[in-house]
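Note sheet for the following structure.
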Amino acid sequence: MGKTLVEISNVEFDRSRFRRYYGNIGEMVAEEFLVRRGFSVWLFTPYSSYESPLRKRGDLGRGGLLHYLSYLYLKPPDRNDLGSKYIVKYGGASYVLSRGVEDYHHRLKELKNFFGEKLEAFSKYVEELGIVRKTSDAEPVEILPEQEETKYYPDLVAKKSGEIYVVEVKTNTGLGYLKGAKLKGLLLAEKYGFIPTVISLNIDVEATNLKMISLARF
């Protein structure tokens, strides 16, 4: 169908345009690498309620840990109030989220199942990083924006055989790029009983078998 105008087996293009995405791709690769080796993995993903595709396939990956942690700062909702709201502040903006009873207890249960008796220690670790802080009952938690250079945000948290790993993923860079506030924040995990860990990997983008096909009938 159609007439092939151009066909190229190996396509040349400017790879530098895609560098901003390599970090996210690296995190996804690291997540699947760990899941395939029996780790339970939780992507940190600031504030997002994103669920990992691995979770949907019934594996051990999940996302939005920081969003779940915000529930530790909330007053338990009244069981008769199924539609109460609360406000989370993030990056200078405020977000109104529902806080139904089932929603509230589901998220706390997920946290407790993952961290067990180490949940309180992890919340204190995140607080010392300066990522979250309690503001008021009306606005119970403020999640500070990832862009603040003084703050360190782990890429993911992994668990296996009772050990919990705080993981930094470095894509297309050496360990020499892990320094300053990031290195200090990662190493701080050990103070709270977690294992600071680095996964480094290289990611490249290539395009092959490009075809330009005309569908014109004349």
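Predicted model, so just to flag it, every value in this text is computed and none were measured.
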CG-CD distance between Leu175 and Glu168, expressed to the nearest 0.5 angstrom: 10.0 Å
Search all heavy atoms of Gly185 against all heavy atoms of Tyr125 and return the closest pair with its distance. O-OH, 2.8 Å
Are the side chains of Glu110 and His106 in touch, meaning some heavy atoms are under 4.5 Å apart? yes
Considering all heavy atoms of both residues, which atom of Leu72 and which atom of Leu108 are nearest to each other, and what is their separation? CD2-CD2, 3.7 Å
Any side-chain heavy atom of Val157 sitting closer than 4.5 Å to one from Phe122? yes
Taking ring-ring contact (aromatic ring centres under 6.0 Å, His included) as the test, write out the residues that go with Tyr22, two or more places apart. none
Scanning both residues in full, the closest heavy-atom pair of Asn113 with Lys159 reads O-NZ, 3.2 Å
Are the side chain of Lys160 and the backbone N or O of Arg37 linked by a donor-acceptor pair below 3.5 Å? yes
Derivation and outcome, side-chain contact (heavy atoms from CB on, under 4.5 Å), residues Leu210 and Phe13: CA-CA 12 Å; Leu210 182 150; Phe13 59 95; over 6 Å; no
Residues 192-201 side chain polar contacts: donor-acceptor under 3.5 Å, at least two apart:
unit_1	atom_1	unit_2	atom_2	d
Tyr192	OH	Glu128	OE1	2.3
Thr197	OG1	Ile195	O	3.0

Step-by-step side-chain contact (heavy atoms from CB on, under 4.5 Å) determination, Val166 to Phe44: CA-CA 10 Å; Val166 176; Phe44 207 70; over 6 Å; no
Heavy-atom check, side chain of Ile25 versus side chain of Thr171, under 4.5 Å: no
Could you work out, with salt bridge (Lys or Arg N to Asp or Glu O under 4.0 Å) as the rule, every residue matching Lys184, not counting sequence neighbours? none
Just wondering, are more than 12 heavy atoms of other shown residues or ligands nearer than 6.0 Å to OH in Tyr21? no
By ring-ring contact (aromatic ring centres under 6.0 Å, His included), Phe33 pairs with (sequence neighbours left out) none
Within a radius of less than 6.0 Å around CZ of Arg15, do more than 12 heavy atoms belonging to other residues, nucleotides or ligands occur? yes
If the condition is side-chain contact (heavy atoms from CB on, under 4.5 Å), which residues does Lys211 pass it with, not counting sequence neighbours? Glu7, Ile213
Output every pair passing ring-ring contact (aromatic ring centres under 6.0 Å, His included) with a member in residues 158-188, not counting sequence neighbours, ordered by first then second residue. Phe39-Tyr165
Any chance NZ of Lys112 has more than 12 other-residue heavy atoms, nucleotides or ligands included, within less than 6.0 Å? no
So, for Leu111 and Tyr68, which heavy atoms are closest and what is the spacing to 0.1 Å? CD1-O, 3.4 Å
